[in-house]
2 protein chains.
Amino acid sequence: MHKKNEEIQKRHSLIKHLISSDDIYNQTQLAKLLKQNKITVTQATLSRDLFELGVVRVPSPNGNVYRISPDENKNAFQYRIAEEVISIDSNESLIVIKTYTGRAQGVALFIDRQNSNEILGTIAGDDTIIVVPKSGTTIIKLVNELKTLLGIK
Amino acid sequence: MHKKNEEIQKRHSLIKHLISSDDIYNQTQLAKLLKQNKITVTQATLSRDLFELGVVRVPSPNGNVYRISPDENKNAFQYRIAEEVISIDSNESLIVIKTYTGRAQGVALFIDRQNSNEILGTIAGDDTIIVVPKSGTTIIKLVNELKTLLGIK
DNA sequence: TTATTGAATGCATAATTATACATAATTTTG
DNA sequence: CAAAATTATGTATAATTATGCATTCAATAA
């Protein structure tokens, strides 16, 4: 992976940025915007790019527009979340997640969002989160689930 | 609104059903499925229908497929949620939501999913939910937000 | 009932998107 | 390094989707 891949990633990244900030109604329009940013590709390439990026096309008042898929956002978010977590440990009844200072709230929010059926609730301080499992849940299992979720280890 | 509108609603309803249960790759395919259900329309009409229904087109391993938009699901869900809530009250530091028996977990889940920036967490029993606001949040404001969210009053 | 209005739809086709194929660029293998 | 294999992309065009216009049909008014 060298020059070429970097360019592709850069293009993909820019595509996502453009889609997030502007209303893109078609691929020709997207090509023009890319060109303004010194990236010149054809509509055909964009068709492939959008597919690979999982970009969705959704009805809006002025016609169909392209949007980053919710899943994509989720993954992007998950990636950043992983960087903020230091450790996940547990005793017989609770799970404790340590994060970098000031990050606990955000990580806890992310966990809440997953609306797991195994979690009763979370409480977050500044750098610590306590996860309370629902009764009937195996702690070990939930710990592993959280590790997977947060992309740890 | 009589015969005509009923037919349209019926078609729209069937379209949503078909999209939910099958992978629909294009409008011609959708037209054929509708025809099998005694509803005959052209691709042009389906193009308009899909737009009106807010149906999104999303990349899948085998090509782009049509899917019911998350928003659409959300609204449908929200509608049912409203039916389950009895009351929303609060004291100076907590909000208590009363639901019909056995519904609290589901409603709490729904609230968690909104990942509000004003909610620290929720704890749900059988018919009661306790919502813990983040410090710095006005209870009144959050109560109103929850009412709007749940479609109460 | 008949006339009028507006919505819904089909038809024809424009606009947009996807893709087969050829080529070039990049990476890998020996 | 040269050859082989893989990947990316443009071109041309096929496939799909969207839409202007005309028509039909249901709803409403007279």
Side-chain angles (χ1 to χ4, degrees), chain A residues 1-20 22-69 71-72, chain B residues 1-20 22-69 71-72:
Chain A
M1 313 195 182
H2 296 98
K3 184 99 185 302
K4 201 72 180 186
N5 277 340
E6 276 175 35
E7 282 172 15
I8 294 173
Q9 283 181 21
K10 188 176 163 190
R11 188 179 70 234
H12 281 191
S13 170
L14 182 54
I15 287 172
K16 288 195 279 185
H17 172 71
L18 289 171
I19 285 173
S20 301
D22 297 330
D23 282 353
I24 311 284
Y25 293 99
N26 58 60
Q27 299 170 7
T28 308
Q29 177 192 358
L30 182 55
K32 282 178 189 162
L33 289 175
L34 285 167
K35 197 161 198 170
Q36 291 173 9
N37 289 273
K38 313 294 182 201
I39 295 180
T40 302
V41 285
T42 62
Q43 168 269 323
T45 297
L46 294 181
S47 172
R48 294 167 183 131
D49 282 350
L50 293 174
F51 184 81
E52 289 160 15
L53 288 170
V55 168
V56 304
R57 199 185 47 164
V58 20
S60 87
N62 303 314
N64 289 302
V65 298
Y66 289 104
R67 294 246 183 275
I68 300 301
S69 114
D71 289 352
E72 179 68 13
Chain B
M1 312 198 184
H2 297 97
K3 185 101 185 302
K4 200 74 180 187
N5 278 338
E6 277 175 33
E7 282 171 15
I8 294 174
Q9 284 181 21
K10 187 175 164 191
R11 188 179 70 233
H12 280 192
S13 171
L14 181 55
I15 288 172
K16 288 195 278 186
H17 172 71
L18 289 171
I19 285 174
S20 301
D22 298 331
D23 282 352
I24 311 284
Y25 294 99
N26 58 62
Q27 298 171 7
T28 307
Q29 176 192 357
L30 182 56
K32 283 179 188 162
L33 289 174
L34 285 168
K35 198 159 199 173
Q36 291 174 8
N37 288 273
K38 313 293 181 200
I39 295 181
T40 303
V41 284
T42 60
Q43 169 271 321
T45 297
L46 294 181
S47 172
R48 294 167 183 131
D49 283 350
L50 293 173
F51 184 81
E52 287 160 16
L53 289 169
V55 169
V56 304
R57 199 184 48 164
V58 19
S60 86
N62 303 314
N64 289 303
V65 297
Y66 289 104
R67 294 245 182 276
I68 300 302
S69 125
D71 288 352
E72 179 69 13

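All chains are named by letter (A, B, ...) in the order of the sequence lines, taking the proteins before the strands, and each is independently numbered beginning at 1. Atom set for the values below is all heavy atoms of this structure, side chains included, hydrogens, waters and symmetry mates excluded.
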Please determine whether a side-chain nitrogen or oxygen atom of [X] lies at a distance below 4.0 Å from atom OP1 or OP2 of [N].
X        : N       : answer
Arg57(A) : dA18(D) : yes
Tyr66(B) : dT16(D) : no
Asn64(A) : dA18(D) : yes

Quiz prompt | Asn26(B) (side chain) donor-acceptor with Thr28(B) (main chain) under 3.5 angstrom | solution = yes

Self-check item: Ser20(A): side chain to side chain contact (heavy atoms under 4.5 Å, CB included) partners, not counting sequence neighbours
Solution: Ile68(A)

Quiz prompt | side chain to side chain contact (heavy atoms under 4.5 Å, CB included) partners of Ser13(A), counting only residues at least two apart | solution = none

Quiz item: How long is the gap from NZ on Lys10(A) to CD1 on Ile15(A), to the nearest 0.5 Å?
Solution: 12.5 Å

Quiz prompt | DNA chain C contacts made by residues 25-34 of chain A, counting heavy atoms under 4.0 Å | solution = Tyr25(A), Asn26(A), Gln27(A)

Quiz item: How large an angle, rounded to 10°, do the end axes of the helix from dT1(C)-dA30(D) to dG30(C)-dC1(D) enclose when each is built from five base pairs?
Solution: 40°

Quiz item: In residues 37-50 of chain B, which ones come under 4.0 Å of DNA chain D, going by heavy atoms?
Solution: Gln43(B), Ala44(B), Ser47(B), Arg48(B)

Please output the side-chain donor-acceptor pairs of residues 29-36 of chain A that fall under 3.5 Å, not counting sequence neighbours, one pair per line with the distance.
{"from": "Gln29(A)", "atom 1": "OE1", "to": "Tyr25(A)", "atom 2": "N", "distance (Å)": "2.6"}
{"from": "Gln29(A)", "atom 1": "NE2", "to": "Asp23(A)", "atom 2": "O", "distance (Å)": "3.0"}

Quiz item: With sequence neighbours excluded, what pairs up with Gln27(A) under the side-chain hydrogen bond (donor to acceptor under 3.5 Å, both in side chains) test?
Solution: Gln43(A), Tyr66(A)

Quiz prompt | Residues that His17(B) engages under side-chain hydrogen bond (donor to acceptor under 3.5 Å, both in side chains), provided they are two or more places apart | solution = none

Practice problem: Indicate the atoms forming the closest heavy-atom contact of Pro59(A) with Leu50(B), along with that distance. | Solution: CG-O, 4.1 Å

Taking [atom1] from [X] and [atom2] from [N], how many angstroms apart are they, rounded to a whole number?
X        : N       : atom1 : atom2 : answer
Ile24(A) : dA15(C) : CD1   : C1'   : 17 Å
Gln9(A)  : dT26(C) : CD    : C1'   : 15 Å
Glu52(A) : dT19(C) : CD    : C1'   : 13 Å
Arg11(B) : dA7(C)  : CZ    : P     : 16 Å

Quiz prompt | Steps toward side chain to side chain contact (heavy atoms under 4.5 Å, CB included) verdict (Val65(A), Ile24(A)) | solution = CA-CA 5 Å; Val65(A) 298; Ile24(A) 311 284; 5.9 Å; no

Exercise. Mind jotting down which residue pairs meet the salt bridge (charged side-chain N to carboxylate O under 4.0 Å, His left out) criterion with at least one end in residues 44-62 of chain A? Sequence neighbours excluded, please.
Key: Arg11(A)-Asp49(A)

Quiz item: Could you go step by step and tell me if Ile19(B) and Leu53(B) meet the side chain to side chain contact (heavy atoms under 4.5 Å, CB included) rule?
Solution: CA-CA 11 Å; Ile19(B) 285 174; Leu53(B) 289 169; over 6 Å; no

